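Comments concern the structure below.
All of these numbers come straight from a predicted model, not from anything done at the bench. Convention: sequence-line order gives letters A, B, ...; per-chain numbering from 1. Side chains included, hydrogens not; waters and symmetry mates left out as well; all remaining heavy atoms used.
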There are 2 protein chains.
Amino acid sequence: MSDPRHPRASGRATLSDVARHARVSAITVSRALNTPDKVSSELRERIEIAVRELGYVPDRSARALASRQSFTVAVLVPSLSNAVFVDTLRGISERLDPFGYQLLIGDTGYSAEVEERRLRAYLEHRPDGVLLTGQAQTEGARALLAHAGVPVVRMMDLSADGLCVGFSQIKAGYALTRHLLERGHRRIAYVAAQLDERVRLRGEGYRCAVREVGGDDPRLEVAVPDPSSVHLGGELLGRLLQQAPDCDAVFCCNDDLAWGAIFECQRRGIDVPGRLAIAGFNDLEMSACINPALTTIATPRHQIGVAAADLLLAAIAGEPPADGQRDLGFSLVVRQST
Amino acid sequence: MSDPRHPRASGRATLSDVARHARVSAITVSRALNTPDKVSSELRERIEIAVRELGYVPDRSARALASRQSFTVAVLVPSLSNAVFVDTLRGISERLDPFGYQLLIGDTGYSAEVEERRLRAYLEHRPDGVLLTGQAQTEGARALLAHAGVPVVRMMDLSADGLCVGFSQIKAGYALTRHLLERGHRRIAYVAAQLDERVRLRGEGYRCAVREVGGDDPRLEVAVPDPSSVHLGGELLGRLLQQAPDCDAVFCCNDDLAWGAIFECQRRGIDVPGRLAIAGFNDLEMSACINPALTTIATPRHQIGVAAADLLLAAIAGEPPADGQRDLGFSLVVRQST
DNA sequence: CTGTTAGCGCCTTCAG
DNA sequence: CTGAAGGCGCTAACAG
C-alpha cells in the first residue's frame, strides 16, 4: 500500500526515506548532510536531489539524542523590553549563529522564580551551554546548573567565581557621580526603579562617591521596585523634588528614567542642566537625540554578548578559560544635560 | 563498578535511573511525571523522592521523539529592538506558557532570507505550531511550511487566506492622514524607514487619503530602507523640509521617527504643532511622555499576540477555525503634536 | 568511501 | 494501577 520511495503519510520525510529515494544507506545520507566531504560527489548529488524532492528537514531531537549534542544554547535575560539586553542578545547571536548553535531565548521579568522555572525548562533541551544575566538567583537554579554540568557564562556584572563578562556596576555608578561632583553639584540625588542586582550596585557606587564629600542624605534617594519606564521617570522626579527641593543634580539608574525626568522638567519649566543636572545610565540610542542630550554611562552591552559567546564557545570546547572574568569597562559620555 | 542506584558518570540521570532508584519500572516514572493521577500515591511519592535525589531533569528530545509532540512553538518577528514585537511576544508567552509550550523566538532583521533560514532551523525542532509576522516572504519559506504541515498563524496584518490576526495597516494609515486633513492640514508628508510590508501599507493609506483632496505630491514623501531610529527621524525631517519647505504636517511611519522629528524641530525652533504637526504610529510608551505628546495610532500588539496564540492553540487541537482572520482594529490617539 | 549494528531517553502500544 | 516490548529518527562505533 505504501510506496517505499515516498515518505509515510503519517509524517514528514525521514533520513531513511531520503536514503531509500537515493538508493543509499541512511548513514550515508547523514554523512552527506553533516560531513559532505566524506561522501563521493556522485552519491552526494543523488542525495541532495532526494532531499529536495522529499522536502526533507532533519529532526534535531533525534540528532541530539543520538549525538548527545543539542547544538543549542540557552540565554536568559531579565527583559526583552530593555534595549540593553536586546543588544547583548544580538552580540551573542552574531557569534553563535555561524557555528550552527541555536538560541533558546527567555526573559525572566526580573523575577528569580521565573528565572528558575525557565532555566529548568531550557535544561530539558540539554543545551550545550547556558548564558545568564547576573547570578543565578535562587538556590534551586544553582542546583539545577550544578546537576546539569553545562558550561555557564554570566553576563553584565563581575563576580568572584566562574565565567563572567561584564563591567563593574559599582565603579560605573561611582564614576558618574564623581562627574556630577566635579561639575560642582553637591546635592546629588539617585533615582532608581526595577531594583535588580545591577541597579543596587550602581546605587552603591553613587553612595560611595557622595559620602566622600559628605553629601549623602537619604532624602536624596528615590527608589521603587516598579518596572522602569519613561513615565515613571517623570513621576519619580516629582517625588524627589518634593522630598529634596534643593537638589541640584539627578543620577537616574537608567536612561529611560532620565528621559522621563527631562520631559518632566520641560513641563515644569525647570532648566536642565542650569537648575538641575540630569544623568542616565546605558547610553541608549535616544539619549544622544533628546534635548538636552543626555549625559550617561555607555555600557558595552553588545560587546558583552560577543565576549560571553566566545567564552562559552571555549568552555564548550573544553578549553581552559584563560581569563574567566572579563571586565569590558564602561565609559562616561558627557553631553548637555549636565 | 557502577552503582545502579546512581546516574551514570557519563551523563545525567535518566528515567531508568529514577526508576531503579525508586524500584519501579521506567514507564511508571514517566506516568508519575506526566499523568500523576494514573499512579498510586505511594509509588508517586517514592518516585518524587528519587527525582529530587538524582536531580532528574527530563529530556525533551527523547520525549519529543517518542511522543511525536515537541510542545514547542516557533515565533518569528522582524526585530527584538522594536517594542511592538516584544509586546506581541509577551502576549504570546502569556497565553502559551500555561499550556507548557516553549517558545523558539527568533528575529529576522526584516530580511526575507534570514526569515527563511530561521524558519528552516526552527522546523528542525518539529514545532507544534508556527507564528509568523506578516507573510512568509520567500518561495522557499512557503514551501518549507507546506511540507512541514504545521499550523501557522500570521500576525500584524490581515490577509486573504490562512489564519491571521492583526489590523488593517492601510486603514490605519488612512485614518491618521484623515485626522491631519481634518485638522486643516493640506501639505501632509509621509516619512518612512525600514520599508517592510506594513510600512508600505501605511503609505498606501496615506496616499489614498491625500489623493482624495488632491494633496498628493511625491516631494511630500521621504522613504529610506535604513533601519528605523530616533536619530534617523531627525535626519529625515531635515531632508523633508528641504524638498518640501511648505509642508505643514508629517505622518511618520512609526513613533521612533516621530520622536526624532520632534527633537529636531525643538532644535530648529520649529513650533509643533503650530508650524508643523507631527504624528507617529504604534503608540509606544514614550509617546505620551514626550513634549509635545505625540498623536499616533494605538496598535493592539499585545492583544494580537494573545489572539494569535489562541488561534494557534485551536489549530493545534485540530479545531476548525471559526474566524481565521481576526481584525483587532486600531485607534487614533490624538495628543498635542497635531 | 560506504554499510551494519546498536542504542540515545522516552513513550506508545499491548499485556496483565 | 503496573509492566514488557518495541520503536521514534538519528548517529557512534565498528566493519569492510
Side-chain angles (χ1 to χ4, degrees), chain A residues 7-47 50-51 54-72 100 123-128 148, chain B residues 7-47 50-51 54-72 100 123-128 148:
Chain A
R8 298 183 315 288
S10 68
R12 286 139 81 169
T14 73
L15 202 62
S16 13
D17 292 324
V18 176
R20 225 165 310 157
H21 199 88
R23 281 165 299 125
V24 296
S25 74
I27 187 65
T28 303
V29 178
S30 172
R31 284 198 271 253
L33 262 31
N34 300 315
T35 51
D37 40 289
K38 287 190 174 175
V39 172
S40 71
S41 58
E42 190 200 323
L43 288 193
R44 209 187 315 144
E45 215 164 298
R46 244 162 61 201
I47 289 168
V51 163
L54 298 181
Y56 172 68
V57 173
D59 185 318
R60 273 181 97 90
S61 295
R63 189 229 257 267
L65 199 57
S67 71
R68 315 168 134 276
Q69 232 209 322
S70 67
F71 268 98
T72 267
L123 288 178
E124 297 188 354
H125 288 272
R126 299 285 183 268
D128 298 335
Chain B
R8 299 183 315 286
S10 68
R12 286 138 82 168
T14 72
L15 204 61
S16 13
D17 292 324
V18 176
R20 224 165 310 155
H21 200 88
R23 282 165 298 125
V24 295
S25 73
I27 185 61
T28 303
V29 178
S30 172
R31 284 198 270 253
L33 261 31
N34 300 316
T35 49
D37 40 289
K38 286 190 175 174
V39 173
S40 72
S41 58
E42 191 199 323
L43 288 193
R44 209 187 315 145
E45 215 163 299
R46 244 160 63 200
I47 290 169
V51 163
L54 297 181
Y56 171 70
V57 173
D59 185 318
R60 273 181 96 92
S61 294
R63 189 229 259 266
L65 199 56
S67 70
R68 313 169 138 276
Q69 233 210 322
S70 67
F71 267 100
T72 267
L123 288 177
E124 296 188 353
H125 288 272
R126 300 284 183 269
D128 298 335

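- The backbone N or O of B:Val39 sits less than 3.5 Å from a side-chain atom of B:Arg44, completing a donor-acceptor pair.
- Listed candidates were D:dG3, D:dG9, C:dG9. Nearest to the side chain of A:Ala62 is D:dG9.
- Inter-residue side-chain proximity for A:Leu33 and A:Val51 is flagged as met; some heavy-atom pair is nearer than 4.5 Å.
- Here C:dT12 is the nucleotide among D:dC10, C:dT12, D:dT11 with the atom lying nearest to any side-chain atom of B:Ile27.
- Distances were taken from every side-chain heavy atom of A:Leu43 (C-beta onward) to each of C:dG3, C:dT2, D:dC10; the shortest belongs to C:dT2.
- Residue A:Thr28 holds its OG1 atom at 12.5 Å from NZ of A:Lys38, rounded to the nearest 0.5 Å.
- Applying the 3.5 Å distance criterion, the base of D:dG9 shares no donor-acceptor pair with the side chain of B:Arg126.
- Distance check: B:Arg60 CZ to A:Ser70 OG gives 12.5 Å after rounding to the nearest 0.5 Å.
- A straight line from CZ of A:Arg63 to P of C:dG9 spans 17 Å, rounded to a whole angstrom.
- One atom, CG of B:Asn34, and another, C1' of C:dC10, lie 9 Å apart when rounded to the nearest Å.
- Comparing D:dA13, C:dC11, D:dC10 against the side chain of A:Arg31 picks out D:dA13 as the nearest.
- Here the closest non-hydrogen pair linking B:Ala19 and B:Ser25 is CB-C, 3.6 Å.
- For a distance-only test at 3.5 Å, the side chain of A:Arg12 fails to qualify as a donor-acceptor partner of the base of D:dG9.
- Between B:Ser30 and C:dC11 there is a side-chain polar atom (N or O) within less than 4.0 angstrom of OP1 or OP2.
- For B:Arg23 and D:dT2, the CZ to P distance is 14 Å, given to the nearest whole Å.
- The B:Leu65 side chain lies nearest to D:dG9 when the options are D:dA12, D:dG9, C:dC11.
- The side chain of A:Ala26 lies closest to D:dT11 when the candidates are D:dT11, D:dC10, D:dG7.
- Nearest heavy-atom pair, B:Leu123 versus A:Arg12, reported as atom, atom and distance to 0.1 Å: O-NH2, 3.3 Å.
- If you take CG of A:Asp17 and P of D:dC8, they are 11 Å apart, rounded to a whole angstrom.
- An OP1 or OP2 oxygen of C:dG3 is reached within less than 4.0 angstrom by a side-chain nitrogen or oxygen of A:Thr28.
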| Stepwise, does the side-chain contact (heavy atoms from CB on, under 4.5 Å) test hold for B:His21 with B:Leu54? | CA-CA 9 Å; B:His21 200 88; B:Leu54 297 181; 3.9 Å; yes
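- The side chain of A:Ser40 contributes an N or O atom lying less than 4.0 Å from OP1 or OP2 of C:dT2.
- Residues B:Asp37 and A:Ser61 both approach DNA chain D. Their nearest nucleotides, taken by heavy-atom distance, put B:Asp37 toward the 5′ side.
- Taken over five-pair windows at either terminus, the axes of the helix from C:dC1-D:dG16 to C:dG16-D:dC1 are inclined to one another by 30° (rounded to 10 degrees).
- Using a 4.5 Å heavy-atom cutoff, the side chains of A:His125 and B:Thr72 are in contact.
- You'll find that the side chain of A:Arg68 is closest to C:dG9, out of D:dC8, C:dG9, D:dC10.
- Listed candidates were D:dG9, C:dT4, D:dG3. Nearest to the side chain of A:Ser25 is C:dT4.
- Among the heavy atoms of the strands lying under 4.0 Å from B:Leu15 are primed sugar atoms or P, OP1, OP2 only; no base atom is included.
- What separates CZ of A:Arg20 from P of C:dG3 is a distance of 14 Å, to the nearest Å.
- We find that CD1 of B:Ile47 is positioned 13 Å from P of C:dC10, with the value rounded to whole Å.
- Atom CZ in A:Arg60 sits about 17 Å away from atom C1' in C:dC8, given to the nearest Å.
- In this structure, B:Gln69 places its CD atom 13 Å from C1' of C:dT12, rounding to the nearest Å.
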